[in-house]
Protein chains: 2
Amino acid sequence: MATLKDIAKKSGVSVGTASAVINNKSWVSDKTRKRVWEVIEQLNYRPNQTARSLKIKKSETIGLIVSDITNPFFPEIVRSIEGIARNHGYSLILCDANEDIEIGLESFNLLFDKQVDGMILLGGIVPQDALLSFLKKKNFPLVVVERDYGYSRLNTILVDAVKGAFTATTHLLNLGYWPVGIISGPLSLDQESNYLHGSVGRFEGYQAALKAKGIPFDKSWVKEGDFRFEGGYRAMMQFLEQVTVPRAVFVSNDLMAIGAMEAIKNKGLRIPEDIAIVGYDDIPEASYTSPTLTTIALPKRKLGTLAIEILLKSLSGQENEYQKVVLPTKLVVRESCGAQIQEG
Amino acid sequence: MATLKDIAKKSGVSVGTASAVINNKSWVSDKTRKRVWEVIEQLNYRPNQTARSLKIKKSETIGLIVSDITNPFFPEIVRSIEGIARNHGYSLILCDANEDIEIGLESFNLLFDKQVDGMILLGGIVPQDALLSFLKKKNFPLVVVERDYGYSRLNTILVDAVKGAFTATTHLLNLGYWPVGIISGPLSLDQESNYLHGSVGRFEGYQAALKAKGIPFDKSWVKEGDFRFEGGYRAMMQFLEQVTVPRAVFVSNDLMAIGAMEAIKNKGLRIPEDIAIVGYDDIPEASYTSPTLTTIALPKRKLGTLAIEILLKSLSGQENEYQKVVLPTKLVVRESCGAQIQEG
DNA sequence: GGAGCTATCTGAAACGTTTCAATTTACAAC
DNA sequence: GTTGTAAATTGAAACGTTTCAGATAGCTCC
């Protein structure tokens with residue numbers, strides 16, 4: 001592997017000049033520049049980024065911790081982050097936490113050792129105390145997506161979960177369905193670990209929608225899931241075994257909604273004729289299911305691009321404020337809610 | 001950020017000794033070891049991996065180029081690779097090529113600049129000429145998954161695509177369907193860029209199955225897709241607009257199969273009553289669709305673990321042979337093929 | 001009390017860059 | 001020619017580690 005020294009020797013200049021050439025410094029004479037470039041090409045020289053990083057104290061690398069890479073919600077976000085990062089000369093070190101908070105913490109530390117210049121947390125699987133105690137000591141470019149740590153000196157990109165769930169539930173209520181149930185995300189976990197997961201917001205939105213219609217909240221229309229396919233299936237099965245079954249259900253994410261639909265079909269019931277369903281996330285699969293899934297679309301691409309853009313700005317050292325962005329959701333009406341054809 | 005020098009000064013030893021302590025060299029006295037560790041903890045010292053990498057000429061980083069991270073086939077493989085890599089002290093730089101061969105090449109070069117110690121190509125989106133001319137010059141730890149570059153000095157992990165496609169097609173033929181079409185992967189691209197994608201093997205398997213039954217091959221039962229949802233939809237639409245429509249179709253990957261089913265349903269036809277479908281990959285979604293998708297299951301987890309294990313062995317410098325592993329596939333019978341309940 | 005060990009520790013070079021003060025060169029102006 | 005100035009180049013230090021030849025100290029043995 002050729003080094004700058006080789007280039008310098010072979011083209012008869014000093015190492016400093018050779019460095020100036022590859023960095024396109026303006027003060028190198030055209031003659032020298034040309035000669036050095038010839039040698040660079042001849043030796044097929046590529047600068048050693050590690051040495052460069054050591055010197056300039058930047059790794060030009062970003063850490064990305066995804067809470068669950070196999071959840072179809074994330075890959076599209078990862079893609080948009082990776083593309084923009086690459087176009088700005090940054091590469092991505094990926095860690096998948098597999099929804100395990102221990103791995104989240106381990107990855108968090110590991111990424112620092114690897115000298116990443118900044119970090120993006122997709123889904124915020126890093127434990128709150130570790131993250132906050134770290135942030136209180138150091139100032140580090142960091143963006144959190146889809147998790148609210150409730151700390152002001154932190155860039156956060158959220159989606160208006162309360163309003164999204166409100167819209168979904170109201171949509172079902174407006175269609176005249178009654179009763180309308182909810183399959184939520186993990187609720188109890190949230191309290192124990194102080195993990196303000198999106199599930200709480202979505203649950204609140206559901207309750208608010210009932211309230212707005214003057215309908216009393218009733219615990220028996222609530223089942224708790226785990227954001228995974230199986231959890232949705234199980235929760236719906238519980239509903240189906242009740243004496244009175246809900247006429248419609250808002251399911252807190254699409255993966256669970258698909259599981260819930262599976263349960264309904266297995267019981268020989270029809271969607272939406274017997275039970276109407278609205279999901280949340282709008283993962284690609286929502287268009288494939290049968291019936292297709294009415295759901296709350298999150299601006300996935302936007303979530304990713306915004307995250308990396310805010311991070312890049314922060315990386316560029318501009319003295320910028322911490323941002324907390326809340327993006328709107330959008331109701332996507334498909335078949336599972338039983339609405340007449342109408343643009344949502 | 002504390003450095004080794006700080007540690008050395010504060011604990012009254014030389015930098016060399018301090019280094020020996022964090023690297024757990026045996027010849028440091030217990031007394032010194034203890035004192036240095038105290039300072040390390042007190043200053044919250046963490047070794048600078050960049051400096052370390054520069055010196056030891058290893059980055060402890062692996063490059064991973066995925067041909068399409070949003071294809072549900074890949075995330076599970078990525079997860080198994082990442083987990084094992086992390087447990088062995090390696091982290092992963094992820095590049096997503098978005099099925100774009102240009103990006104594949106760009107990423108390939110970028111990863112070298114980043115001094116990755118080894119590389120895994122998931123789906124082999126790197127152009128053949130670039131890869132092979134590189135390999136002929138240098139010797140570099142590399143594992144390719146699900147693409148056969150047809151070069152012997154290269155670790156390759158494949159699945160028996162020909163046999164898989166043969167099994168799928170034969171399954172349809174045995175059910176008495178006729179004619180049986182195929183939606184293939186990109187075939188023409190393969191010839192132009194000499195890209196021996198899995199699509200060719202699957203196509204061959206289809207042809208072999210016909211031949212085995214003494215059925216002549218007919219071009220009009222072949223449509224070319226792009227391995228994406230939309231491509232499957234479009235290809236099926238072409239079939240549906242033909243004078244005679246195939247009675248069953250083997251679709252070369254599940255994403256396209258789901259697209260194809262969508263097209264069929266949109267035309268008001270039934271699966272499998274009007275058209276039977278068998279896919280390939282067994283992505284998680286294959287169990288969610290309606291009807292559920294009969295498909296060829298690949299050992300995804302195994303593909304990932306094997307890839308990283310071979311790479312790690314190669315990285316450890318053992319003078320090992322190049323390996324070419326071909327894993328078997330498995331027919332998973334669900335509803336879309338219209339077979340009676342039977343274990344596959 | 002010196003030789004010979006061993007166990008422990010030191011100091012400096014090296015890894016491949018970037019950076020910058022200092023130097024050299026080129027050239028114009030007189 | 002000398003001087004002044006700008007342009008081009010050099011050389012060495014630095015980044016934070018690892019490594020290794022050599023130094024030192026403490027023993028044992030005769």
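Chain letters run A, B, ... following the sequence lines, proteins first, then strands; residues in each count from 1. These numbers were taken from a predicted model, which means no experiment stands behind them. The figures here come from the full heavy-atom set of this structure, side chains too, leaving out hydrogens, waters and symmetry mates.
With sequence neighbours excluded, the residues satisfying side chain to side chain contact (heavy atoms under 4.5 Å, CB included) with A:Arg35 are A:Ser11, A:Val13, A:Thr32. Annotation: ring-ring contact (aromatic ring centres under 6.0 Å, His included) contacts of A:Phe112 (sequence neighbours excluded): A:Phe108, A:Phe134, A:Phe140. In this view, B:Gln42 and B:Lys10 satisfy the side chain to side chain contact (heavy atoms under 4.5 Å, CB included) rule, not counting sequence neighbours. Remark: B:Thr50 engages A:Thr50, A:Ser53, A:Leu54, A:Gln115, B:Asn48 in a side chain to side chain contact (heavy atoms under 4.5 Å, CB included) (not counting sequence neighbours). Considering only residues two or more places apart in sequence or on other chains, A:Lys324 meets the side chain to side chain contact (heavy atoms under 4.5 Å, CB included) condition with A:Asp148, A:Thr156, A:Leu158. Annotation: salt bridge (Lys or Arg N to Asp or Glu O under 4.0 Å) contacts of A:Arg33 (sequence neighbours excluded): none. Residues forming a side-chain hydrogen bond (donor to acceptor under 3.5 Å, both in side chains) with A:Lys300 (at least two apart in sequence, or on another chain): none.
Fit an axis to the five pairs at each end of the helix from C:dG1-D:dC30 to C:dC30-D:dG1 and the two axes sit 60° apart, to the nearest 10 degrees.
Within the structure, side-chain hydrogen bond (donor to acceptor under 3.5 Å, both in side chains) contacts touching residues 131-140 of chain B (residues at least two apart or in different chains) are B:Asn139-B:Tyr322. Under the ring-ring contact (aromatic ring centres under 6.0 Å, His included) criterion, no residue pair touches residues 30-52 of chain B, with sequence neighbours excluded.
Looking at heavy-atom distances under 4.0 Å, A:Ser53 makes no contact with the nucleic acid at all. Looking at heavy-atom distances under 4.0 Å, A:Thr32 makes contact with sugar-phosphate atoms alone, never a base.
The cationic group of A:Arg147 lies under 6.0 Å from the six-membered ring centre of A:Tyr149 and within 45° of the ring axis, placing it in a cation-pi geometry.
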For nucleotides 22-26 of chain C, print each protein N/O atom paired with a nucleotide N/O atom at under 3.5 Å, atom names and distance only.
none

Response to the item:
Going 5' to 3' through nucleotides 14-25 of chain D and flagging B where a protein heavy-atom sits under 4.0 Å of the base, S where only the sugar-phosphate is that close, and - otherwise, we get BBBBBB------

